[in-house]
Number of protein chains: 2
Amino acid sequence: MTVQEQSGRSNAPEGEGSVRRPRVQKNVTRAIATDICADVFPIGAFLPTEAELCLRYGVSRTVIRESLKILESKGLVRGRSRVGTVVCPKEEWNILDQQVLEWIGPRIFELDLLTCVLDARRAIEPFAAEFAAERATVQEVAEIERAWQAMRDAEGDLEAFTKADVAFHAGLLKASHNQVFMQLASIIQAALEFSLHASNEAADARDEAVEIHRRLVEALRMRDRAAARECSHRMLDIAARDIAIAVRNHPAPAER
Amino acid sequence: MTVQEQSGRSNAPEGEGSVRRPRVQKNVTRAIATDICADVFPIGAFLPTEAELCLRYGVSRTVIRESLKILESKGLVRGRSRVGTVVCPKEEWNILDQQVLEWIGPRIFELDLLTCVLDARRAIEPFAAEFAAERATVQEVAEIERAWQAMRDAEGDLEAFTKADVAFHAGLLKASHNQVFMQLASIIQAALEFSLHASNEAADARDEAVEIHRRLVEALRMRDRAAARECSHRMLDIAARDIAIAVRNHPAPAER
DNA sequence: GATAGACAATTCATCATACAAAGGCAATTG
DNA sequence: CAATTGCCTTTGTATGATGAATTGTCTATC
């Protein structure tokens, strides 16, 4: 199936002799990227030549080349003149990049990323909470509190709860006013989305999480750095439980 | 000046009627990026049209477009169909990306990044040191020790000392076996390169740094997590002094 | 038979051109 | 004056040609 067919807007009447040219760049990039993640193009292997890729995805070389440039800039592939384009080892992938994480999707489980991210969160979030307690604006605190309210009101809606929790932590990182921490929001979001779904089904676990999140908001408002740090720690202990459950419920990585 | 002239390899004899076509993609991308960083194209402003960019940099639209795609994928610009390409606010830049940091270069001082990175290092490196003490292979410890030796033997050579120090910390992050920490190596490197030059001129300060780095290597070898963490903390206190000096010696950011 | 140099084949890199699509703007029209 | 419509501009896509460079082959020589 070509990418034009994927993008579901080929319903305009095909004018006689006129060629339809839908916008396909994003689709092609995603298609190649997900094919790489799905081992259609395995690590270390050469991608097909540009000409072959044109046929496979049904687009011109222009689109293929621009897609490859994007993938290369994110570390997924490396193009060598005259030789071809090879898929880079996963260590070189820009896993902190939002788009890359979207392309990886649920395969995040196979990359051992969840535990890495949890460890990183243990290092970062307590610090971020302290900074936020010190430097967050009232607007930022209010935004975080809105996210907390959404968590509280989510009731049984797991989707809404996850979304609110993600917003909470993203808001906290933003309120830390540290540019490095902020950049980590995307990977923490991805990790949360894929670990929360698996757990958080027990109502009492959710209640416990909501309560500790509330205490953190309060600490921010009181500008109490120590309390904020403590809340963050407790929060991560809960998250650790969730992730353990999520990982257990998934097929073992079976890494090489 | 066009980009062809910048790349200093236009010395082949110009065959009659034959057109020289040097590889210019990287140069053009860097040129546009550094122009953005240098406020030639200010934040929020529109870039010139693709046609104008072709003239300005003396390359074809193909090259311009592929460059813009790369910049867009790193968050520096956002292209809107049929409207133009605008320079994104700095918060959206992918400052953890190696290339972006190279483009920013010494302007890292103007972005308040050094203190951000120091705070991030305070959060991360002690953790990374603990993990490294636990999980580093003997080869990794040996590599870190080689970096330490290079620091010790650098004597007055500031360039060599900085390079060795960068290698030391990159090796430590790698030895933590945490993919998130590893991805932060590039920004820590950039921060080190630009802060070490400014300080480290006093020989006794260097000696103190060398000594604490030695103790960390020892802790790794003994698999002593607590000692590794402690060394990392002490190291960062020294780094904090260096950065304070570096920032003081530079023109005030004069942020908007 | 082994090695070195020349050569051809392959594939990426760049250029140039053409046209389609759609946002913005202004003239037109009610 | 407001809404519609059509033109202009600019980006998005397609295509063909050619330069450049790496890889492997082929041949000549020892």
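Numbered from 1 within each chain, the chains take letters A, B, ... in sequence-line order.
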(message) In whole Å, I'd like the distance from the CZ atom of A/R65 to the C1' atom of C/dC15.
(response) 12 Å
(request) Indicate whether OP1 or OP2 belonging to D/dT11 is found under 4.0 Å from a side-chain N or O atom of B/R80. (result) no
(message) Regarding A/T62, tell me which of base, sugar-phosphate or nothing describes its non-hydrogen contacts under 4.0 Å with the strands shown.
(response) base
(message) On DNA chain C, compare the nucleotides closest to B/E66 and A/R21; which residue's is nearer the 5' end?
(response) B/E66
(request) Take B/E145 and B/Q149, measure what side-chain hydrogen bond (donor to acceptor under 3.5 Å, both in side chains) needs, and give me the verdict at the end. (result) CA-CA 6 Å; B/E145 183 166 36; B/Q149 289 167 346; 4.6 Å; no
(message) Tell me the interatomic distance from B/I64, atom CD1, to D/dT10, atom P, rounded to whole angstroms.
(response) 15 Å
(request) Nearest whole angstrom, please: distance from the P of C/dA13 to the CG of A/L53. (result) 13 Å
(message) By nearest heavy atom, map A/E52 and B/Q25 onto DNA chain C; which one lands nearer the 5' end?
(response) A/E52
(request) Would you kindly give the CG-to-P distance between B/N27 and C/dA13, to the nearest whole Å? (result) 14 Å
(request) Could you check how far CZ of A/R61 sits from P of D/dA17, rounded to whole Å? (result) 13 Å
(request) Rounded off to whole Å, could you give me the CG-to-P distance for the A/L55 and D/dA14 pair? (result) 12 Å
(request) Figure out the CZ/C1' separation between B/R23 and D/dG19, and round it to whole Å. (result) 7 Å
(request) Determine: side-chain N/O of A/S60 to OP1/OP2 of D/dA14, distance under 4.0 Å, yes or no. (result) yes
(request) Give me the ring orientation class for A/F194 and A/F109: parallel if the planes are under 30° apart, tilted from 30 to 60°, perpendicular past 60°. (result) perpendicular
(message) Could you tell me how far apart B/L47 (CG) and D/dT10 (P) are, to the nearest whole angstrom?
(response) 14 Å
